[in-house]
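Reading through the structure tokens given below for one structure.
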Amino acid sequence: MPEGHVLHRLADELTCAFGGRRPRISSPQGRFAAEALLLDGTTLRQASAVGKHLFIDFEDERVVHIHLGLIGRMAIGPVGPVVGQVRLRLATDTIAADLRGPQGCRLTDPDHAAAMVARLGPDPLDPAADPDILLDHVRRLRRPVATVLLDQGVLAGVGNVYRAEVLFRLGLDPLTPAAALPADTWRALWDDLVLLMAEGKRLGRIDTVRPAHTPEAMGRPPRVDDHGGEVYVYRRTDQPCLVCGTPIRRRDLAGRNLYWCPTCQGGR
DNA sequence: CGAGCATGGTGAC
DNA sequence: TCACCCTGCTCGA
């Protein structure tokens, strides 16, 4: 689940449900119990997201920093019994937010939060982000564009699905060195990520087939991916490319699965 | 029912 | 580059 759009959506939902209120805070699992006790009964100001990092601001300069990692998730819904390992629960009389399996959930302060954000590259979901920072950065990088897209210090919030999909949509060979791509191409990558991730946040799922160019325009019907969104290449190994019919390929790159169409995106 | 895997990141070598 | 962490789902026995 968790690429940047999930965290931004979550931040909005948390602010909406708990902003300005004093939710009950607990850690049924116990691993955040001391911190939960400290925060319980204090006012939650607002939640925000930068890249894949989620920050929940409370009064008295207290900030909860959450990173979902690969398997973490936060479920917001009607209050019910605690099910499974819940690291953190925020609850009013009617709504509960349950955090499970996060890579990190820590109590920190605004300075530390700012320091973490300072290490991240521009976030396509941040309206104030400056893509020129990205363009300057990638000019000096020889690593493959596919590797660079997942580097949160270069670009914040992109995960494995958006990486595969944006490279397909722009017809780029994933192994092209980042610095070998013209600035215009990087600008186009940025612009497409802004579009796709905003759509992802709005819909609550990743759908890369419909937004910019319709499947009709590309001569093929849409396909619905098992994961709930419509995608061109992500996890479609050996299935025909929706544009040219060539079997989609998969390989390991720096420990992550990479998916691409060898015809639409050049050799290799 | 157990193994393997997943949209991520860290820390040791 | 690798082992490892965390949860929950799917797949094959």
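First the proteins, then the strands, lettered A, B, ... as listed; each starts at 1. Values reported hereafter were calculated over all heavy atoms of this structure, with side chains retained and with hydrogens, waters and symmetry mates removed. All figures in this text were calculated on a predicted structure; none of them were measured in a lab.
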Task: Atom pair distance, as rounded to whole Å: NE2 in His67(A) and P in dT10(B) - done: 7 Å

Task: Between dC1(B) and dC6(C) - P atom distance, rounded Å - done: 23 Å

Task: Spacing between Asp98(A) atom CG and dT7(C) atom P, to the nearest angstrom - done: 13 Å

Open item on the list: For the C1' atoms, the ones on dT1(C) and on dT7(B), what distance do you get once it is rounded to whole angstrom?
Closed with: 22 Å

Open item on the list: Among dT7(C), dT7(B), dG9(B), which nucleotide has an atom closest to any side-chain atom of Asn257(A)?
Closed with: dT7(B)

Open item on the list: Using the side-chain heavy atoms of Arg31(A), tell me which of these nucleotides is nearest: dC6(C), dA6(B), dT7(C).
Closed with: dC6(C)

Open item on the list: Can you work out whether Gln152(A) or Ile71(A) has the more 5'-proximal nearest nucleotide on DNA chain B?
Closed with: Ile71(A)

Open item on the list: Testing Phe32(A), Phe58(A), Phe55(A) one by one against His65(A) for a ring pair (Phe, Tyr, Trp, His ring centres under 6.0 Å), which residue passes?
Closed with: Phe55(A)

Open item on the list: So for atom CG, which belongs to Asp93(A), do other residues, nucleotides or ligands contribute more than 12 heavy atoms lying within a distance under 6.0 Å?
Closed with: no

Task: N/O donor-acceptor pair under 3.5 Å between Asn160(A) side chain and Asn257(A) backbone - done: yes

Open item on the list: Whole angstroms only, please: what is the CZ-P distance between Arg250(A) and dT7(B)?
Closed with: 10 Å

Open item on the list: Nearest whole Å is fine: how far is dT7(B) P from Asp207(A) CG?
Closed with: 19 Å

TODO: Taking only the side-chain nitrogens and oxygens of Tyr234(A), find out if one of them lies under 4.0 Å from OP1 or OP2 of dT7(B).
DONE: yes

Open item on the list: Measuring only the C1' atom in each nucleotide, how far is dG8(C) from dT10(B)? A whole number of Å is fine.
Closed with: 22 Å

Open item on the list: Using a heavy-atom cut-off of 4.0 Å across all strands, would you classify Glu165(A) as base, sugar-phosphate, or nothing?
Closed with: nothing

Task: Under-4.0 Å salt bridge between Arg45(A) and Asp60(A) - done: no

Open item on the list: Does atom CZ (Arg24(A)) have a neighbourhood of more than 12 heavy atoms from anything else shown, all under 6.0 Å?
Closed with: no

- [ ] Side chain of Gln103(A) only, please: which of dC6(C), dG9(B), dT7(B) is the nearest?
- [x] dG9(B)

TODO: Round to the nearest Å and state the distance from Leu258(A) atom CG to dT7(B) atom C1'.
DONE: 14 Å

Task: Whole-Å distance separating the CD1 atom of Ile66(A) from the C1' atom of dT7(C) - done: 16 Å

- [ ] Could you tell me whether the phosphate oxygens of dT7(B), OP1 or OP2, come under 4.0 Å of any side-chain nitrogen or oxygen in Arg235(A)?
- [x] no

Task: Protein-nucleotide distance (Arg100(A), atom CZ; dC6(C), atom C1'), rounded to Å - done: 13 Å

- [ ] Whole angstrom is fine here: how far is it from OH in Tyr259(A) over to P in dC5(B)?
- [x] 11 Å

TODO: For Gln85(A), answer base if it contacts any base atom (sugar-phosphate contacts may also be present), sugar-phosphate if it contacts only those atoms, and nothing otherwise; contact means non-hydrogen atoms under 4.0 Å.
DONE: sugar-phosphate

TODO: Measure from the side-chain heavy atoms of Gln29(A) and tell me the nearest of dT10(B), dA6(B), dT7(C).
DONE: dT7(C)

